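First up is the structure itself, then whatever we jot down about it.
Predicted model, so just to flag it, every value in this text is computed and none were measured.
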Amino acid sequence: MSMALRAFVVLLSILECAVAAVAAAEPIFYESFEEDWVGRWHPSSKEEYQGVWKHAKSEGHDNHGLLASEKARKYGIATLLPQVVEFKDEPILLQYDLRLQNGIECGGSYLKFLQVQKDGWTPTQLDNEAPYSIMFGPDKCGSTNKVHFIFRHKHPKTGAYIEHHLKFPPSLINDKLSHVYTAALYPNNTVSILIDGQVKKSADLLSDNFDPPVLPPKMIPDPEDTKPEDWDERAKVPDPEAVKPEDWDEDAPYETEDMDATKPEGWLDDEPEEIDDVDAVKPEDWDDDEDGEWEVPKVSNPKCVDGPGCGNWTRPKKKNPAFKGKWYAPMIENPAYKGTWKAQEIPNPDYFHLEKPNLEPISAVSIEIWTMQDGILFDNVLITSNEDLAAEYRDMEWKVKFNVEKMQQKKEEAEEAAKKSLFVKVQDMVFKTLYHIAELPMLASQKDKLVEFIERGEENPVAVLGIFGGVVPFGLILIFWFLFMRKRSKISKKASLAKAKKDDITPDDDIKSSEKSRDKEKGKEKVTEENAVAEEVFATRHRRPRRET
C-alpha cells in the first residue's frame, strides 16, 4: 500500500471518529421553548383540559418557557419525538427545568414519557388514559411532597401493565427559583434521581425499592387453604375454675359521700350563685316579637366568689373504699393454643425472573397535570444518552438562569431586611415618644395604666402599627388645631387694630372707654333704685288710714 493510500485511510478513520463523536453529543430530543411552541407542541382537545398554555418569559430575565398560566385547572399538552427511544445498552437521561414562580401548595408539575400509542393517535388526543412508560417530576398536595419516579411494566405472563412507584423519593424544592430535575436510567438496572445536578436517590429497578416490586415472590399463601374450625389462636383464656368471692359487691358505686366533711363556716345558704347583671341594658334593636322576651343575663354572685360558697351545700364525693367493679376470672395460659394461623404457601404460578426490566420504549413527551397554582414554567426538556451532555445543558441553561434568579432573590431579601430595619427604628421612636408622653404632669394620675399599655404594645408588633397609626393622625390634628387657632388670633388682633385706627383710638383707650360706660350705667341703676325707695316711704307716710266700722 502506498504512503498516500495509507494517509487517506488514516484520515478517513479520523473523520469517522469525529462524526461519531458529534453524533454522540447530539441530544435525542431537546426543547428550549425560546421560540413559540405552537406547531411543535399540541394542547389536548379533550373537554376537561381547560388550562391555558402560554409562551412566556421567566420572571426577572429573558429566558422563555412553557407556562401553565391559570389556577385550578387541568392541563394537557404533548409533542411527538423525532424517533422512538428504547432502553437497551446505553444510559437514557430524562431532564427538564422547572420554575414554580408562585410556589405550589397543591398540584403536579411532572412529565409523562408516553409509550408507543395506537395507530392514528395524535397529541391532541392526550388524556390521563394515554399509556406512559415513565412518569417523572414533582408532585405536592397535602402530605404528598415528592419527586415521582413511576414506570409501567408489562407482566410477561399475564400481559397486564403494573405501575411501580419509587419508595421514599426525594422531596421537591418549593421555592420560586428554577431547578433542574434529572432521571438517569442505566443498563445495570439502576435509576438515579438528580436535583440541580446532585444525586438525591438511587435504586435498582428490580429491587424492593419499588412498590410493588417488579419481580413477584416465588411462594405465595395458598388462596384455597382455610383455617380449621377447631384452630384456637387465643394465647390466654379466663380460668374456668375461678369463682367470684362472696364479699365481692359489683353494685358498689365508684364514689360515695364524704361523711366527715362539714359545711364551711360562713357558707351563704340564702345567696344564689348567680345574680342579674345590673349593668346589662336591653339592646335597642331587640324585637320581642321576633327575638322573644328579653331576659337580663346572669353573672357570678360576687358574694359567692369572695366568700366560702353559696346556695344549697352538699357533701363532696370521695372514692368508695368498697368499690371493686365487675368481677372477671383471671387469665391463664390457653392449653389449646396453636398460634396464629397462616395459610400454607405454594409456588407462585405467576412467578417470573428477569435479568433486565422490560421498559416500554417512549414515543412522545407530555404534560398532563392538575394544579391549583399558576405560574408553573417548564423549560429545557432533554432526552439524551450522554451524561456529559446532560451536565453541559445544566451548566449552560439552568445554572445561568438560577444564578440570575438567586441574585435577584438576595437583592429582594436585602430590601426586605432594610424595610424591617426601618420599621424597627420607627417602632423605637414611637415608643420613646409614648414614654415621654406618659411622663407629662397632666397625665400623672394615668401614668401606671399608660406605661402598662405601652409595654403590652412592645410585645406585639401588630399593636405597634396600630399605635403608630393612631398617634400620627392625632398629632397632625393637634398641630393643625394649634396653627389654626394661632392664625385666628392673629386675624382677630389685626381686626381690632384696624377698628382702633378707624376710630382714631388705641385698643387700650377702647377698653378704658368701655369700662367707664359700664360704671356710668351702674351709677344710673343705683340712683333709680334710691328714688324708688324714697317714693315708697313718702307714700306710706301720707296714706289715709282705713276707717273702722
Side-chain angles (χ1 to χ4, degrees), residues 26-85 93-102 104 107-117 121-128 130 132-138 176-183 362-371 373-384 389-390 393-394 396-398 400-402 404-405:
E26 286 295 320
I28 299 171
F29 173 80
Y30 177 62
E31 175 61 77
S32 68
F33 293 109
E34 284 309 303
E35 296 180 1
D36 198 347
W37 49 264
V38 176
R40 300 190 309 280
W41 292 73
H42 306 277
S44 174
S45 60
K46 298 297 180 69
E47 184 179 355
E48 64 265 33
Y49 296 96
Q50 299 294 320
V52 176
W53 294 102
K54 291 184 178 180
H55 180 242
K57 286 184 179 181
S58 187
E59 293 180 3
H61 47 77
D62 293 334
N63 192 274
H64 288 77
L66 178 63
L67 179 70
S69 64
E70 297 179 320
K71 296 180 179 180
R73 290 286 188 271
K74 288 187 74 174
Y75 289 85
I77 195 169
T79 185
L80 294 173
L81 298 178
Q83 66 186 67
V84 174
V85 178
L93 291 93
L94 312 173
Q95 180 171 289
Y96 71 104
D97 298 356
L98 178 70
R99 187 178 186 189
L100 306 172
Q101 297 183 128
N102 299 321
I104 192 166
S109 50
Y110 43 78
L111 302 187
K112 286 183 176 180
F113 297 87
L114 305 183
Q115 66 187 60
V116 177
Q117 305 293 301
W121 185 88
T122 64
T124 58
Q125 296 174 291
L126 175 71
D127 58 18
N128 64 346
Y132 65 88
S133 177
I134 292 173
M135 175 175 156
F136 168 60
K176 298 181 180 181
L177 305 178
S178 293
H179 297 282
V180 57
Y181 294 89
T182 309
I362 56 179
S363 64
V365 181
S366 72
I367 306 172
E368 193 274 317
I369 58 174
W370 175 90
T371 179
Q373 268 69 44
D374 58 357
I376 301 175
L377 195 72
F378 296 87
D379 197 7
N380 296 321
V381 180
L382 174 69
I383 301 176
T384 181
L389 185 63
Y393 272 76
R394 287 195 296 267
M396 291 176 57
E397 300 295 341
W398 163 75
V400 173
K401 292 187 300 182
F402 178 80
V404 171
E405 294 161 8

Checklist entry - Between T182 and Q95, does any side-chain donor sit less than 3.5 Å from a side-chain acceptor? => result yes
Item to check | Nearest atoms (heavy-atom pairs only) where V180 meets R394 | outcome: CG1-CD, 3.8 Å
Checklist outcome for this item: Result for ring pair (Phe, Tyr, Trp, His ring centres under 6.0 Å) between Y75 and one of Y49, W53, Y110 points to W53
Checklist outcome for this item: Taken to the nearest 0.5 Å, the spacing of K112 NZ from I369 CD1 works out to 10.5 Å
Checklist outcome for this item: When every non-hydrogen atom of Y96 is compared with those of P138, the smallest separation belongs to OH-CD, 3.1 Å
Next on the checklist: Let me confirm one number: the CG-CD distance from L389 to E26, rounded to the nearest 0.5 Å.
Outcome noted: 8.0 Å
Next on the checklist: So T371 and I104, do their side chains get closer than 4.5 Å, heavy atoms only?
Outcome noted: yes
Next on the checklist: Go through it in stages, so that I can follow the logic: the residues are E368 and D127, the test is side-chain contact (heavy atoms from CB on, under 4.5 Å), and I'd like the CA-CA distance, side-chain angles, deciding distance and then a yes or no.
Outcome noted: CA-CA 7 Å; E368 193 274 317; D127 58 18; 6.0 Å; no
Next on the checklist: If we ignore hydrogens and angles and just use 3.5 Å, is the side chain of T124 paired with the main-chain N or O of S45 as donor and acceptor?
Outcome noted: no
Checklist entry - What is the distance from atom OH of Y132 to atom CZ of F113, rounded to the nearest 0.5 Å? => result 12.5 Å
Checklist entry - Taking it one step at a time, do N63 and V404 satisfy side-chain contact (heavy atoms from CB on, under 4.5 Å)? => result CA-CA 11 Å; N63 192 274; V404 171; over 6 Å; no
Next on the checklist: Nearest 0.5 Å, please: how far is CD in Q117 from OG in S366?
Outcome noted: 8.5 Å
Next on the checklist: What I'd like to find out is whether the side chain of P82 reaches to under 4.5 Å of the side chain of F29, using heavy atoms alone.
Outcome noted: yes
Checklist entry - Do P123 and T79 have side chains that get closer than 4.5 Å, going by heavy atoms? => result no
Next on the checklist: Determine whether a donor-acceptor pair (N or O, by modelled atom type, separation under 3.5 Å) exists between the side chain of E59 and the backbone of Q101.
Outcome noted: no
Item to check | Steps toward side-chain contact (heavy atoms from CB on, under 4.5 Å) verdict (H179, F402) | outcome: CA-CA 7 Å; H179 297 282; F402 178 80; 4.0 Å; yes
Next on the checklist: I'd like to know if E405 pairs up with R99 as an ion pair, taking the criterion as any Lys NZ or Arg NE/NH1/NH2 lying under 4.0 Å from an Asp or Glu carboxylate oxygen.
Outcome noted: yes
Checklist entry - How about F33 and W37: are their ring centroids closer than 6.0 Å? => result no
Checklist outcome for this item: In terms of heavy-atom contacts, L93 and A390 come closest through CD2-CB, 3.9 Å
Listed pairs under 3.5 Å, donor-acceptor, residues 373-380 side chains, sequence neighbours left out:
residue : atom : partner : partner atom : Å
Q373    : OE1  : E105    : N            : 3.0
Q373    : OE1  : C106    : N            : 3.1
D374    : OD1  : N102    : ND2          : 2.8
D379    : OD2  : K401    : NZ           : 3.0
N380    : OD1  : Y30     : OH           : 2.6
N380    : ND2  : D97     : OD2          : 2.6

Item to check | Heavy atoms from other residues, nucleotides or ligands near CD of E35 exceed 12 (cutoff 6.0 Å) | outcome: no
Checklist outcome for this item: Rounding to 0.5 Å, atoms CG (D36) and CG (L66) come to a distance of 9.5 Å
Next on the checklist: As an exercise, state the distance from CG of L81 to CD1 of I28, rounded to the nearest 0.5 Å.
Outcome noted: 9.0 Å
Checklist entry - So, does S133 use its side chain to make a donor-acceptor pair with the main chain of L114 at under 3.5 Å? => result no
Next on the checklist: Looking at K74, I want to see if its NZ is surrounded by more than 12 non-hydrogen atoms of other residues, nucleotides or ligands under 6.0 Å.
Outcome noted: yes
Checklist entry - What pair of heavy atoms forms the shortest contact from Y393 to P27, and how long is it? => result OH-CG, 3.7 Å
Checklist entry - Quick one: which of V85, I383, L94, I77 gives a side chain to side chain contact (heavy atoms under 4.5 Å, CB included) with V365? => result I383
